[in-house]
Amino acid sequence: MTKMTKLQTEQNWKGYTLDELRYRRARKAAETQVSKILLSQRFEALRTGNPVTRSWDTMRDIFSAIGYVNSAVLAFQLFRRLRGLWRVVRH
(Lines give C-alpha, C1' and ligand atoms only; values in the text may rest on other atoms or scores of the structure.)
Protein backbone atom coordinates (compact mmCIF):
# COMPACT_ATOMS: atom_id res chain seq x y z
CA MET A 1 0.00 0.00 0.00
CA THR A 2 1.18 3.48 -0.75
CA LYS A 3 1.08 6.37 1.65
CA MET A 4 -1.83 8.66 1.08
CA THR A 5 -0.78 12.19 0.25
CA LYS A 6 -2.52 15.28 1.48
CA LEU A 7 -4.15 15.66 -1.93
CA GLN A 8 -5.54 12.14 -1.82
CA THR A 9 -7.14 12.62 1.58
CA GLU A 10 -9.08 15.69 0.52
CA GLN A 11 -12.69 15.24 -0.51
CA ASN A 12 -12.26 16.74 -3.97
CA TRP A 13 -9.50 14.40 -5.12
CA LYS A 14 -10.31 13.21 -8.63
CA GLY A 15 -7.62 10.51 -9.02
CA TYR A 16 -4.26 10.28 -10.67
CA THR A 17 -3.33 12.09 -13.84
CA LEU A 18 -2.16 10.15 -16.86
CA ASP A 19 1.46 11.14 -16.22
CA GLU A 20 1.24 9.95 -12.61
CA LEU A 21 -0.21 6.61 -13.72
CA ARG A 22 2.56 6.18 -16.32
CA TYR A 23 5.19 7.00 -13.73
CA ARG A 24 3.75 4.51 -11.22
CA ARG A 25 3.47 1.80 -13.87
CA ALA A 26 7.07 2.36 -15.03
CA ARG A 27 8.33 2.33 -11.46
CA LYS A 28 6.56 -0.94 -10.64
CA ALA A 29 7.88 -2.50 -13.86
CA ALA A 30 11.43 -1.46 -12.92
CA GLU A 31 11.03 -2.85 -9.40
CA THR A 32 9.76 -6.13 -10.85
CA GLN A 33 12.75 -6.37 -13.21
CA VAL A 34 15.18 -5.71 -10.35
CA SER A 35 13.46 -8.39 -8.26
CA LYS A 36 13.74 -10.89 -11.11
CA ILE A 37 17.43 -10.15 -11.57
CA LEU A 38 18.16 -10.50 -7.85
CA LEU A 39 16.17 -13.72 -7.68
CA SER A 40 18.06 -15.22 -10.62
CA GLN A 41 21.40 -14.19 -9.08
CA ARG A 42 20.47 -15.80 -5.76
CA PHE A 43 19.34 -18.96 -7.51
CA GLU A 44 22.62 -19.11 -9.45
CA ALA A 45 24.58 -18.63 -6.22
CA LEU A 46 22.70 -21.50 -4.57
CA ARG A 47 23.12 -23.70 -7.64
CA THR A 48 26.90 -23.22 -7.82
CA GLY A 49 27.55 -23.82 -4.14
CA ASN A 50 27.13 -22.57 -0.63
CA PRO A 51 27.08 -18.75 -0.81
CA VAL A 52 28.58 -18.40 2.67
CA THR A 53 31.62 -20.61 2.18
CA ARG A 54 32.15 -19.37 -1.38
CA SER A 55 32.87 -15.91 -0.02
CA TRP A 56 35.58 -17.23 2.29
CA ASP A 57 38.31 -17.20 -0.35
CA THR A 58 41.09 -17.02 2.21
CA MET A 59 39.81 -19.99 4.21
CA ARG A 60 39.34 -22.00 1.03
CA ASP A 61 42.90 -21.20 -0.04
CA ILE A 62 44.22 -22.26 3.37
CA PHE A 63 42.32 -25.55 3.29
CA SER A 64 43.48 -26.28 -0.23
CA ALA A 65 47.06 -25.48 0.81
CA ILE A 66 46.74 -27.99 3.65
CA GLY A 67 46.00 -30.60 1.01
CA TYR A 68 49.19 -29.67 -0.84
CA VAL A 69 51.22 -29.71 2.38
CA ASN A 70 49.90 -33.16 3.27
CA SER A 71 50.78 -34.42 -0.20
CA ALA A 72 54.28 -32.95 0.07
CA VAL A 73 54.85 -34.53 3.50
CA LEU A 74 53.65 -37.92 2.28
CA ALA A 75 55.87 -37.67 -0.81
CA PHE A 76 58.87 -36.75 1.36
CA GLN A 77 58.28 -39.66 3.73
CA LEU A 78 57.85 -42.06 0.82
CA PHE A 79 61.06 -40.77 -0.75
CA ARG A 80 62.99 -41.25 2.53
CA ARG A 81 61.73 -44.82 2.90
CA LEU A 82 62.48 -45.68 -0.72
CA ARG A 83 65.95 -44.14 -0.36
CA GLY A 84 66.57 -46.25 2.73
CA LEU A 85 65.33 -49.34 0.93
CA TRP A 86 67.55 -48.53 -2.06
CA ARG A 87 70.60 -48.25 0.26
CA VAL A 88 69.82 -51.66 1.77
CA VAL A 89 69.40 -53.25 -1.66
CA ARG A 90 72.62 -51.69 -3.01
CA HIS A 91 74.79 -52.94 -0.10
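In this text the structure is predicted, and so the values were computed from the model without any measurement. Every heavy atom of this structure was used, including side-chain atoms; hydrogens, water molecules and symmetry mates were not.
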> Is there side-chain contact between Arg22 and Arg25, with heavy atoms separated by less than 4.5 Å?
Replying inline: no
>> Restricting to side-chain contact (heavy atoms from CB on, under 4.5 Å), what partner residues turn up for Val73, sequence neighbours left out?
In response: Val69, Gln77
> Other hydrophobic cluster members with Val34, side-chain heavy atoms of Ile/Leu/Val/Met/Phe/Trp/Tyr under 4.5 Å, chained?
Replying inline: Leu38
>> Measuring from atom CD1 of Ile37 to atom OG1 of Thr32, what distance do you get when rounded to the nearest 0.5 angstrom?
In response: 11.0 Å
>> I'd like to check the side-chain hydrogen bond (donor to acceptor under 3.5 Å, both in side chains) partners of Arg27; sequence neighbours left out, ordered by chain and number.
In response: Glu31
> Quick one: CZ on Phe76 to CZ on Arg81, what's the gap to the nearest 0.5 Å?
Replying inline: 11.5 Å
